[in-house]
Amino acid sequence: MKKIAKITAFAVLFIGLVSFTAYKVIPKGTDGDQIIGIWEPSNGKARVKIEKIGKKYFGRIVWLREPVDPDTGKPKVDKNNPDEKMRNTPLKGYRLLKDFVYTDKNTWSEGTIYDPESGTLYSCEINMKKDVLNIRGYVGVKLLGRTDTWKRLKLKK
Amino acid sequence: MKISLINFIMIIGFSLLIGSCGGPKESKTAKLETLTLSAEGPFFEGSNTLQVEFTDALNKFLTENEIPLDDLKEVMIAKCEISVDDTSNLDLISSVNIQLFSDNYPMQNVALLNPVPAGKNKVELQVAEIQEDILEIFKDGSVYVVGDVIIKEEYWDNLSVNCDMEIKVTYKKQEDEKDS
């Protein structure tokens, strides 16, 4: 009876040790990749592909509901860019979300979001709940900002 | 009166501080080694990304010119060209936007060409006027170069383009060596 108790205690200790080691070994950063995919902002005007380059996450426009500028009859460009020489950058392919780092608890921060309609760059934090992103853009203080909700696009099988 | 005196002292102090940070500077241009931006195909029509990571971007320049790293004041991208060995590959691309970033400094747009002229295997891009943190990016170890390209039609192979950049480096003027 004593022997069984000894083996059980050893097994519990062994499993505990293995679990603890595994917990320590799994890098937390891999959780950040769950944001990778194609997302649609609440206004439905664009679709943004979020990808990882190096250790950071970026999002670029891969689809526009209205890809042609009615004023010029040509594909839309970043006409409000503060840098005059960059104003001919196509909006299709434009990186709206830049430099996000996965921090913890389904949150990506330290990034920026660009509003091509005004040419303004905002600090930004992203929070994910299931297949919904809460994207908060702000200037200076996080409390004084605006949150938009983006939905993940699922490919039809 | 007392406040004016304090203001006066602060202005003088600030001017001295700014003056002491300056000192004579000089600039040189240098060519970086050719980078090959690539991505695995297939590619779909539209927006795609080519990239490359490189390190020690400034080492050659610093060694050749005997300039200590701490003496660097500013680095700007002065010229950017992309080229391919096969002309048809560049004809696939309708626009290209080159961007740089490092792990600790944000992505910067540095050069753009839209549209890419047809029938060429080497083109010069328009360089950005606003360039921030390029020195810090180069000093930060790994530099990621991202080429966002718009592809005109599906392409069922891997794609790579060469990228040649010239940088303008501003640094603290080196004192002339004393005659021996």
Side-chain angles (χ1 to χ4, degrees), chain A residues 29 32 36 38 46-64 67-69 72 74-102 108-114 116 119 121-124 155, chain B residues 37-39 43-55 76-80 93-116 124-133 136-137 140-152:
Chain A
I36 291 171
I38 298 176
R47 286 171 188 166
V48 177
K49 184 178 184 181
I50 297 183
E51 58 200 349
K52 190 180 186 182
I53 308 176
K55 293 173 186 169
K56 298 189 205 174
Y57 297 87
F58 299 84
R60 62 187 161 91
I61 298 173
V62 289
W63 177 88
L64 285 167
V68 175
D69 186 335
T72 61
K74 292 179 178 175
K76 282 182 179 170
V77 292
D78 183 23
K79 60 185 179 186
N80 295 314
N81 194 311
D83 186 339
E84 215 171 296
K85 288 192 172 173
M86 295 286 110
R87 286 185 187 165
N88 208 23
T89 308
L91 275 193
K92 198 173 171 188
Y94 199 94
R95 288 186 187 272
L96 290 181
L97 303 172
K98 285 184 179 178
D99 301 295
F100 285 85
V101 177
Y102 182 67
W108 292 256
S109 55
E110 295 171 35
T112 55
I113 185 165
Y114 178 72
L121 189 70
Y122 298 95
S123 298
C124 186
L155 295 174
Chain B
L37 279 73
S38 59
F43 296 91
F44 299 105
E45 182 196 340
S47 158
N48 290 275
T49 299
L50 308 175
Q51 57 176 291
V52 68
E53 182 186 346
F54 72 107
T55 52
M76 301 277 280
I77 305 298
K79 191 177 177 182
C80 182
I93 299 169
S94 67
S95 78
V96 58
N97 183 14
I98 303 290
Q99 295 147 105
L100 305 178
F101 75 96
S102 69
D103 285 336
N104 298 301
Y105 288 91
M107 183 181 265
Q108 303 289 329
N109 284 340
V110 294
L112 167 75
L113 188 63
N114 180 30
V116 172
E124 186 176 339
L125 281 65
Q126 188 158 31
V127 172
E129 237 166 36
I130 301 171
Q131 296 184 28
E132 290 170 355
D133 298 329
E136 285 72 18
I137 289 170
D140 201 22
S142 287
V143 178
Y144 298 89
V145 183
V146 174
D148 282 328
V149 293
I150 304 282
I151 302 232
K152 291 176 189 167

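Letters A, B, ... are given to chains in the order of the sequence lines, protein chains preceding strands, and every chain is numbered from 1.
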Trainee: Measure across Leu112(B) and Pro90(A) and return the closest heavy-atom pair with its distance rounded to 0.1 Å.
Mentor: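 Nearest pair, atom of Leu112(B) first, then Pro90(A): CD1-CD, 4.3 Å.
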Trainee: Is it the backbone or the side chain of Asp103(B) that comes under 4.5 Å from a heavy atom of chain A, or both, or neither?
Mentor: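 Contact with chain A involves both backbone and side-chain atoms of Asp103(B).
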Trainee: Return the CD to CE distance between Gln126(B) and Met86(A), rounded to the nearest 0.5 Å.
Mentor: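 So the gap between those two atoms works out to 6.0 Å.
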Trainee: I'd like to verify something: which residue of Val62(A), Val101(A), Thr112(A), Ile53(A) has the highest number of heavy-atom pairs under 4.5 Å with chain B?
Mentor: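 Max contact count across the listed options: Ile53(A).
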Trainee: Return the option, out of Thr49(B), Ile150(B), Asn48(B), with the maximum number of heavy-atom pairs under 4.5 Å with chain A.
Mentor: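 When all of Thr49(B), Ile150(B), Asn48(B) are compared, Thr49(B) has the most.
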Trainee: With sequence neighbours excluded, what pairs up with Asp140(B) under the salt bridge (Lys or Arg N to Asp or Glu O under 4.0 Å) test?
Mentor: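 Applying salt bridge (Lys or Arg N to Asp or Glu O under 4.0 Å) to Asp140(B) gives none.
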Trainee: Given heavy-atom pairs under 4.5 angstrom as the criterion, report whether the side chain, backbone, both or neither of Lys55(A) touches chain B.
Mentor: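 Contact with chain B involves both backbone and side-chain atoms of Lys55(A).
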Trainee: Of all heavy-atom pairs between Phe58(A) and Met107(B), which one has the smallest distance, and what is that distance?
Mentor: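 Heavy-atom minimum between the residues: CE2-CE, 3.5 Å.
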Trainee: Side chains of Asn114(B) and Val77(A), heavy atoms from C-beta outward: is any pair under 4.5 Å?
Mentor: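 Counting from C-beta outward, Asn114(B) and Val77(A) do come under 4.5 Å.
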Trainee: I need the full list of side-chain hydrogen bond (donor to acceptor under 3.5 Å, both in side chains) pairs touching residues 84-93 of chain A, with sequence neighbours left out, sorted by first then second residue.
Mentor: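 The answer is none; no pair qualifies.
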Trainee: Ignoring hydrogens, what is the shortest heavy-atom contact between Tyr94(A) and Asn109(B)? Give both atom names and the distance.
Mentor: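 Minimum heavy-atom separation between Tyr94(A) and Asn109(B): OH-ND2, 4.1 Å.
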Trainee: Pick one of side chain, backbone, both or neither for Asp99(A), based on which atoms fall under 4.5 Å of a heavy atom in chain B.
Mentor: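 The side chain, not the backbone.
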Trainee: For Glu51(A), is it the side chain, the backbone, both or neither that has a heavy atom under 4.5 Å from a heavy atom of chain B?
Mentor: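 It is the side chain, since no backbone atom gets that close.
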